[in-house]
Amino acid sequence: MYATNYHRASSVADALRLKGASDEAKYVSGGMTLIPTMKQRLAAPSDLVDLRHIAEMKGITVSGGRVRIGAGTTHAEVAQSAEIKAACPALAHLASLIGDPQVRHMGTIGGSIANNDPAADYPSAMLALAATIVTDRREIAADDFFTGLFETALQDDEIVVAVTFAPPERAGYSKFPNPASRYAMTGVFVAKGPGGVRVGVTGAGANGVFRHAAMEAALTGNFSAQALSGVTTDPSELLSDIHGSAEYRANLVNVMARRAVAAA
Ligand SMILES: Cc1cc2nc3c(=O)[nH]c(=O)nc-3n(C[C@H](O)[C@H](O)[C@H](O)COP(=O)(O)OP(=O)(O)OC[C@H]3O[C@@H](n4cnc5c(N)ncnc54)[C@H](O)[C@@H]3O)c2cc1C
């Protein structure tokens, strides 16, 4: 790991100022992705701007028909939150499945969605819940936020401040974890909400997280696991790697989706 300068930001405005002071600075939240990358010398930021202690990026609230989760909220806090368990138990369940206790106590929802790892859990929930990503300068619909492998609509210095969504009527999440990392080999989040049925799939797509239109159509008429039995997933659009072939993942998408609906 190369030497780097550490800065603790006290507010979103302070973080923007600190980041703007150096072209090579990067934000850090839980550091659960960025620090290992720096240790491998795949990233070498001159400065780290720590977002973890910014009060306006912490906490979970439910009011006015919206759930708001501050970007600095850890996976463990989401998993244990009474508000999330009441408004969307499937999201608390998803958070409880991320990595291991250290990752859950350090990693944050903001860091996870800003990183947009193709096998990360949260992006599938953000799509299925039709979440809004609130940044320091605008609001971005989840449908427009995740743009490719490790790619998002964020500008270089843009900060995810919070995510918001309307509590769904029903939702479920099921993932087949990689036995070593616990990342999703395939994970499916299904939600029936104000905007209808939405299905987010992570871990399987060749271009990252995606919505499954055929499953959404099948579940709109009949929200049951049986409704998915005839729905298939085209392997040519899926990831093939040392962990599993595209055909294997195509099967996993269907199995995980049926389990997610049953859980919902
Ligand atoms: C062993 C291990 C197992 C894991 N297993 C899983 C798993 O099963 N499922 C899963 O989903 N994830 C898993 N992860 C990843 C984990 O969830 C990370 O916490 C997450 O990917 C990144 O969150 P972070 O807060 O640590 O971000 P950081 O590592 O601090 O930052 C990640 C990136 O996002 C940027 N960033 C951070 N916060 C913000 C913000 N608020 N606004 C804008 N940009 C920001 C940073 O500049 C950096 O580029 C695992 C990680 C490890 C090490």
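Below, all heavy atoms of this structure are taken into account, side chains as well, without hydrogens, waters or symmetry copies.
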The criterion is side-chain contact (heavy atoms from CB on, under 4.5 Å); which residues satisfy it with Arg259, sequence neighbours excluded?
Ser174, Val255, Met256

Show every ring pair (Phe, Tyr, Trp, His ring centres under 6.0 Å) that has at least one partner inside residues 132-186, sequence neighbours left out.
Tyr173-Phe189

For Lys26, I'd like to know if atom NZ has over 12 heavy atoms of other residues, nucleotides or ligands within 6.0 Å.
no

Please identify each residue that fulfils side-chain contact (heavy atoms from CB on, under 4.5 Å) with Asp23, with sequence neighbours left out.
none

With sequence neighbours excluded, what pairs up with His212 under the ring pair (Phe, Tyr, Trp, His ring centres under 6.0 Å) test?
none

Could I get the full list of side-chain hydrogen bond (donor to acceptor under 3.5 Å, both in side chains) partners for Asn116, not counting sequence neighbours?
none

Going by side-chain contact (heavy atoms from CB on, under 4.5 Å), name the residues that satisfy it together with Glu247, two or more places apart in sequence or in a different chain.
Pro235, Ser245

Shared-cluster residues of Val28, by chain and number - hydrophobic side chains joined below 4.5 Å:
Met1, Leu34, Ile35, Met38, Leu48

Could you list all the ring pair (Phe, Tyr, Trp, His ring centres under 6.0 Å) pairs where at least one residue sits in residues 114-140, not counting sequence neighbours?
His75-Tyr122

Is a salt bridge present between Asp157 and Arg137, judged by a nitrogen-to-oxygen distance below 4.0 Å?
yes

So, using side-chain hydrogen bond (donor to acceptor under 3.5 Å, both in side chains) as the criterion, who are the partners of His93 when residues are at least two apart?
none

Tracing side-chain links under 4.5 Å among I, L, V, M, F, W and Y, which residues wind up in one group with Tyr27?
Val12, Leu16, Leu18, Val49, Leu51, Ile54, Met57, Ile159, Val161

Using the test side-chain contact (heavy atoms from CB on, under 4.5 Å), find all partners of Gln226 that sit at least two apart in sequence or belong to another chain.
Ser224

Donor-acceptor list for residues 193-202 side chains, cut-off 3.5 Å, not counting sequence neighbours:
from   : atom 1 : to     : atom 2 : distance (Å)
Arg198 : NE     : Leu127 : O      : 2.9
Arg198 : NH1    : Asp143 : OD2    : 3.4
Arg198 : NH2    : Leu127 : O      : 2.8
Arg198 : NH2    : Asp143 : OD1    : 2.9
Arg198 : NH2    : Asp143 : OD2    : 3.2
Thr202 : OG1    : Pro118 : O      : 3.2
Thr202 : OG1    : Ala120 : O      : 2.6

